[in-house]
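Below is one structure, written out as C-alpha cells; comments come after it.
Basis for what follows: all heavy atoms, side chains included, without hydrogens, waters or symmetry-related copies.
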Amino acid sequence: MSIRDFDALFTPASVALIGASTKPGTVGGVLAENMMRAGFHGPVLPVNPKYGSVGGVLAWPDIAALPVTPDLGVIAVPPDAVPPVVKALRDKGARAAIVITAGFHDGGPGADRDRLHALIEAAGPMRLMGPNTIGVMAPHIGLNASFSHIAPLRGDLAFIAQSGAVLTSVLDWATDKGIGFSHVAGLGDMLDADFGDVLNFLAMDTKTRAILLYVEAVTNTRKFMSAARAAARTKPVIVIKSGRKAEGAKAASSHTGALAGADAVYDAAFKRAGMLRVDDMQELFDAVETLSRKTIRDLRGSGVGDRLGILTNGGGIGVLATDRLIDLGGRLAELGPETVAGLDAVLPGTWSRGNPVDIIG
C-alpha cells in the first residue's frame, strides 16, 4: 500500500520524453506537443537519437546523455525496447516511469510474457504507471504527460481510469462544461501503480476534493478495500465498474488482461467501502457535474459564508432542505426588508415571507 515516489508520478520536477517525435499524429509526436504546450515549469527532456530538437527543445540521443536526472520518464517506444529504456532510467536515478507502450499482457503470447518479466526486472524499485496507458495529467503544475487529444481544465476533481477512451470521453464532456480536474491518469495494465495506490495518494492530496474511478478489474483486493475506505471517509468517491454482465466481463478481460470477476462481489465491496457506484456514462457525467458544484462543506471558511437561501414550490420539501442544511453545518440566510419587498412584487400574496422562500406552487 506504498505511495513511495508517487510525487514523481503526479508532481515531477523534471520529465524525460523517451520516443518524443516531430511526426504529427504519432504517439511520440502528440506526447511531445502536449508536454510543450501544457506550461510545465521544469525541464522537459526529449530523448530520440533521430532528432537534434523536438518542438524547439534540444533533444538527447539517449538517457545516459541527459544533463540532469529526470524525476519522471515517459516512454513511447516499441515493446521490445521498453525494458532497456526502463533500466536506463533506473540507472540514471529516475524515480518513476509512465509506460505508454502496450504489448505486456500477462498470460498472453510468449513474447508478451517475456517482455513483462523483462520489464519487471528492469524497473526494480522504480515506480511504474502502465504499461498500456494514455498517461498522466496534472493541470495545476502544467503536466500533460499523455497522448490525449484534449487537455483537462484546472479543478479539484481527480479521475482515474483503466481505459484511455473512457478518460478522454469524460474530458471532452467536462471541458465543454467548464469542469476541471486536479489529476487525470490512465492506469492501463497496472503492473505496479494500481487503484489502491492511487486512492491512498489522492485521499491525502489537498488539491483533490472528490475522486472518480473507471474500473475494469481490481488486482489487489485487500489493498484496494483498505485504500477505498480511507479515501471515502475524507472525500466523495464515485466509481463506474464495467463488465456488469458476463459478456462485458469477457470484453474487459481482453482489454486489460485482468479478470473482471463477479459483479455482485464488486457491488458489495463498493458499498462496504463507502463509495457510490454509477451504472453508465450518463450517470458518471451527472456525478461529475454534481461534484463540480460548490457544497456547504466547501463554502465554510472560504470567505463565501455558510448562509443559504432556499427556494421551493412546496413547503414540506423546504423543511427537509432546511434540516439537511443544518446537518451540514450551514445556516438559513435572513431576508432583509428590501429582499422581502422585492419578492412581494413578484410572488403570490400567500408566499412564505421568509426563508425558505415558498412560492406556493
Side-chain angles (χ1 to χ4, degrees), residues 9-10 12 14-38 40 44-63 66 70 72-86 88-89 94 96-105 108 111-112 115-116 118-119 122-123 128-139 142-152 159-172 183-193 214 255-257:
L9 278 172
F10 287 106
S14 54
V15 179
L17 306 179
I18 301 92
S21 174
T22 62
K23 293 181 180 179
T26 63
V27 172
V30 175
L31 179 66
E33 185 176 4
N34 284 349
M35 273 299 303
M36 304 302 182
R37 287 184 174 182
F40 186 68
V44 178
L45 308 163
V47 177
N48 194 323
K50 296 179 181 178
Y51 305 111
S53 66
V54 175
V57 176
L58 183 66
W60 303 90
D62 54 43
I63 293 165
L66 292 176
L72 173 67
V74 186
I75 302 170
V77 299
D80 288 334
V82 171
V85 166
V86 169
L89 281 169
I98 299 170
V99 182
I100 304 292
T101 311
F104 294 88
H105 276 176
D112 285 1
R115 291 173 189 145
L116 178 69
L119 178 54
L128 292 181
M129 183 75 77
N132 186 25
T133 172
I134 195 171
V136 172
M137 292 162 263
L143 177 70
N144 187 352
S146 81
F147 64 96
S148 169
H149 71 284
I150 188 168
F159 183 40
I160 311 300
Q162 279 179 278
S163 166
V166 170
L167 189 149
T168 53
S169 295
V170 171
L171 288 187
D172 273 332
H183 302 87
V184 178
L187 295 184
D189 294 343
M190 299 192 299
L191 178 61
D192 173 29
Y214 168 78
H255 180 212
T256 61

(message) Tell me the closest heavy-atom pair linking Phe159 and Tyr214, and the distance in Å.
(response) CE1-N, 4.1 Å
(message) For the CD1 atom of Ile75 and the CD1 atom of Ile98, what is their distance to the nearest 0.5 Å?
(response) 9.5 Å
(request) Compare every heavy atom of Ser146 with every heavy atom of Asn34, then report the nearest pair and how far apart it is. (result) ND2-O, 2.9 Å
(message) Any non-hydrogen side-chain atom of Phe104 less than 4.5 Å from a side-chain atom of Asn132?
(response) no
(message) If you compare all heavy atoms of Ser53 against all heavy atoms of Thr22, which two are closest, and at what distance to 0.1 Å?
(response) O-CG2, 3.8 Å
(message) Walk me through whether Val44 and Met36 qualify under side chain to side chain contact (heavy atoms under 4.5 Å, CB included).
(response) CA-CA 8 Å; Val44 178; Met36 304 302 182; 4.0 Å; yes
(message) If you define the side chain from C-beta out and look only at heavy atoms, does anything of Leu72 sit under 4.5 Å from Leu9?
(response) yes
(message) Are the side chains of Met137 and Leu171 in contact, using a 4.5 Å heavy-atom criterion?
(response) yes
(request) Take Thr168 and His149, measure what side chain to side chain contact (heavy atoms under 4.5 Å, CB included) needs, and give me the verdict at the end. (result) CA-CA 8 Å; Thr168 53; His149 71 284; 3.8 Å; yes
(request) Kindly give the heavy-atom pair with the smallest separation between Pro78 and Thr101, and that separation in Å. (result) C-CG2, 4.0 Å
(message) Tell me which one of Ile134, Asp172, Val30 satisfies side chain to side chain contact (heavy atoms under 4.5 Å, CB included) with Ser148.
(response) Ile134
(request) Can you see which heavy atom on Pro139 is nearest to which on Pro152, and at what distance? (result) CG-CG, 3.7 Å
(request) Can you see which heavy atom on Leu89 is nearest to which on Ala97, and at what distance? (result) CD1-CB, 4.2 Å
(message) I need the Leu17 CG to Leu45 CG distance, nearest 0.5 Å.
(response) 8.0 Å
(message) If I take atom CD1 from residue Ile18 and atom CH2 from residue Trp60, how far apart are they, to the nearest 0.5 angstrom?
(response) 14.0 Å
(message) When you compare the side chain of Leu143 with that of Met35, does any pair of heavy atoms fall below 4.5 Å?
(response) yes
(message) With a 4.5 Å cut-off on side-chain heavy atoms, are Leu128 and Leu119 touching?
(response) yes
(request) With rounding to the nearest 0.5 Å, note down the distance linking CD1 in Ile160 to CE in Met129. (result) 7.0 Å
(request) Say whether, by atom type as modelled, one donor and one acceptor occur between the side chain of Asp189 and the main chain of Leu191 under 3.5 angstrom. (result) no
